[in-house]
Structures are given as structure tokens and as C-alpha cells.
Amino acid sequence: MSSFRTARTPRVRLVGAAATVVLATLSLTACNDGTGVKSEGRATGTAPTANGTATAPSQDESAAGTTQGSGTGTSASGGNGPAGKTSSSKASGGSGGTGGSGGTGRSGGSGEAAASGGSSGAGASGKPVTCEGSVTRTTAAPLTRPVNHMLLTVTNTGSRTCFLYGYPAVRFGEAQAVPPVIEVSQPQAVVTLEPGQSGYASVNLAAADGSGTNGHTVKSLTVHFQGRSGNGSVGTGAHPSLPAQGVYVDDSLKVTYWQQSMDDAVSW
């Protein structure tokens, strides 16, 4: 009986040791399985990152990264979950930049204001006036062709548009009367001079064939300007200089209407 107990005791101990080993193995296996599941979960959380960073975010960060996956995808740095959040914020800032484009639109408004300022500047110059000596410069130049002709040039030196009405009322020397106008030279519209622009008229000084009478040489000239009504002169007259030797005139003296172009003026 005692020998039976002695033989059985080692068996019981062996069985107990085996049971302990089995339990330890099962416990270890369970731990490894849990770790594996957890590791796989982290791999899934970091998969959307652009550069595959091995940094394992927390569960909250993983959730945030999943919610803002599009922001992470568009991130230039492709960082981890928090970087994705920052990228999304920058993207939103980009939208704010679009608002900045709206600011550019407001700048366009400033451009309109500038344009309006330009218009008001033009308005400040006032409405058009009549061309006369105080707002113009007049020159007189004898021409070789046509012969016995002189070209009058009137330039607007003012800041406003002026109208050059009718024809020049010229007086050579001590003449008491002004010469007649060539009626067929009348233009279809009033000559209009913007600041800096010029108008023209020609003066037939003497008959080309010598048929004129009372010919004489004059050394001074006064040019008067007509108003809209054409009755009399307005404003200040002009006193363009003549050549030192003077110019020869006779009773055939006559003038053209003011013309917008030089070619039209010298064609009569």
C-alpha cells in the first residue's frame, strides 16, 4: 500500500506540472492574440497617412484622422493624424484666401473710385468754351504753295475743349475792315479743339495773276475770334508775328473758314 502511494505521488506531481504548463501556454497565447489585434488596429489607423509614418496615434487621434482623412490626403507633408488636422486648418485658411479674392474685388472698387476720380478731374476742367486769344496760341506762316497764301494755325493751350467758330477776322496793318470769307469753304461741323489740338485757316493774300489792286506790304497782323452767333468778335485777339520783310496784300484778300485739318485749309 505504501509503495502504491509512493508511485502515485510522482504521477500526480507530473500531471500538476503539465497542467501548469498548459495554463501558462494558454495565457501566453491569449496575450499574443490581444497584442496582434491591437497592432492591426494601429496599422489600420495609420494607413491613410501619405508617408506611412510608423508613429502610432492614440485612438482619439485615429478617429480624428479618419474623420479628416481628406484633409490628411491633401496635406503637403502627409504627416500623422495631428498633422492632418493642421493641414485641414490650412486648407480652411485657403478658403479664407478666397475671401481675400473678394478683397481684391473691393480693390476693384477702389479702381472704380480712381476712375470716378478721373471723371471728376475731367469735370473739374469744366464744359467746353469758345476758342479765343487767352486760351490759344496763333501762328501765321506764308506758304509757297499755293502762292500768295498764308496758313493760320490755332492751338488750344487751355485745359478745356474749345470751339473754333466761323472764320478768322483778320486785320493787316492799319486796315479798318476785315476781308470776306470764302463761303464754299464752310465745314459741315464746328471745329473742336481738345487741349493741345490745332485748327487751321488759310488767307489768300493777293491775286496770283497780279490782277488785284491797292497792293501793299504789311508787317503786323491781328486775328479776332468769332462766337457761336457769328456776330462780332469775342474774347482776346491774337497777334501772330509776320516775317521781318512783311507780307504783300491787295484788294483780293480773303480767308477760309476754320478747318479741322491743314489739308482742308490750304485747298482753297
Under 3.5 Å, sequence neighbours excluded: what are the donor-acceptor pairs made by side chains of residues 190-206?
from: Thr192; atom 1: OG1; to: Val190; atom 2: O; distance (Å): 3.4
from: Glu194; atom 1: OE1; to: Thr161; atom 2: OG1; distance (Å): 2.7
from: Glu194; atom 1: OE2; to: Thr161; atom 2: OG1; distance (Å): 3.4
from: Gln197; atom 1: OE1; to: Glu194; atom 2: N; distance (Å): 2.9
from: Ser198; atom 1: OG; to: Thr155; atom 2: OG1; distance (Å): 2.7
from: Ser202; atom 1: OG; to: Ala265; atom 2: O; distance (Å): 2.7
from: Asn204; atom 1: OD1; to: His149; atom 2: NE2; distance (Å): 2.5

Smallest heavy-atom separation, Phe172 atom then Val218 atom, equals CD2-CG2, 3.5 Å

Do you see a donor-acceptor pair shorter than 3.5 Å between the side chains of Asn156 and Thr136?
no

Decide side chain to side chain contact (heavy atoms under 4.5 Å, CB included) for Gln226 and Ser233; before the verdict, give the C-alpha distance in whole Å, the side-chain angles of both, and the deciding distance to 0.1 Å.
CA-CA 5 Å; Gln226 293 183 335; Ser233 61; 6.0 Å; no

How many angstroms lie between CD in Gln176 and CD in Glu174, if you round to the nearest 0.5 Å?
7.5 Å

Kindly state each residue pair satisfying ring pair (Phe, Tyr, Trp, His ring centres under 6.0 Å) with at least one member in residues 232-268, sequence neighbours excluded.
Tyr167-Tyr257

Co-membership, hydrophobic cluster, residues Val247 and Leu253, 4.5 Å side-chain
yes

Considering all heavy atoms, the nearest Thr144-Val147 contact
O-CG1, 3.4 Å

Shortest non-hydrogen contact from Ala140 to Leu221?
CB-CD2, 4.0 Å

Does the side chain of Asn214 reach to within under 4.5 Å of the side chain of Asp250, using non-hydrogen atoms?
no

Taking side chain as C-beta onward, heavy atoms only, is Cys162 less than 4.5 Å from Pro128?
no

Between Arg171 and Ala177, the two heavy atoms sitting closest are NH1-N, 3.5 Å

Checking side chain to side chain contact (heavy atoms under 4.5 Å, CB included) against Pro168, which of Val223, Thr138, Thr256 comes through?
Val223

I'd like to check Met150 versus Leu143 (side-chain heavy atoms, cut-off strictly below 4.5 Å). Are they in contact?
no

Roughly how far apart are Arg160 CZ and Lys127 NZ, rounded to 0.5 Å?
9.0 Å

On a heavy-atom basis, which atom in Ala207 and which in Ser252 lie closest, and how many Å separate them?
N-OG, 2.8 Å

Minimum heavy-atom separation for Ala244 and Lys219, please, with both atom names.
O-CE, 3.7 Å

Apply side chain to side chain donor-acceptor pair (under 3.5 Å) to the pair Ser261 and Asp264, showing each step before the final yes or no.
CA-CA 6 Å; Ser261 74; Asp264 290 340; 3.1 Å; yes

Could you check whether any side-chain heavy atom of Leu152 comes within less than 4.5 Å of a side-chain heavy atom of Thr139, counting everything from C-beta outward?
no

Any side-chain heavy atom of Pro179 sitting closer than 4.5 Å to one from Val170?
yes

If only side-chain N and O atoms count, and only distance matters, is there a donor-acceptor pair under 3.5 Å linking Thr130 with Glu132?
no

Quick check against the 3.5 Å criterion: does Thr157 have a side-chain atom that pairs as donor or acceptor with the backbone of Val135?
yes

Measure the shortest side-chain to side-chain distance between Glu183 and Val181 over non-hydrogen atoms and say whether it is less than 4.5 angstrom.
yes

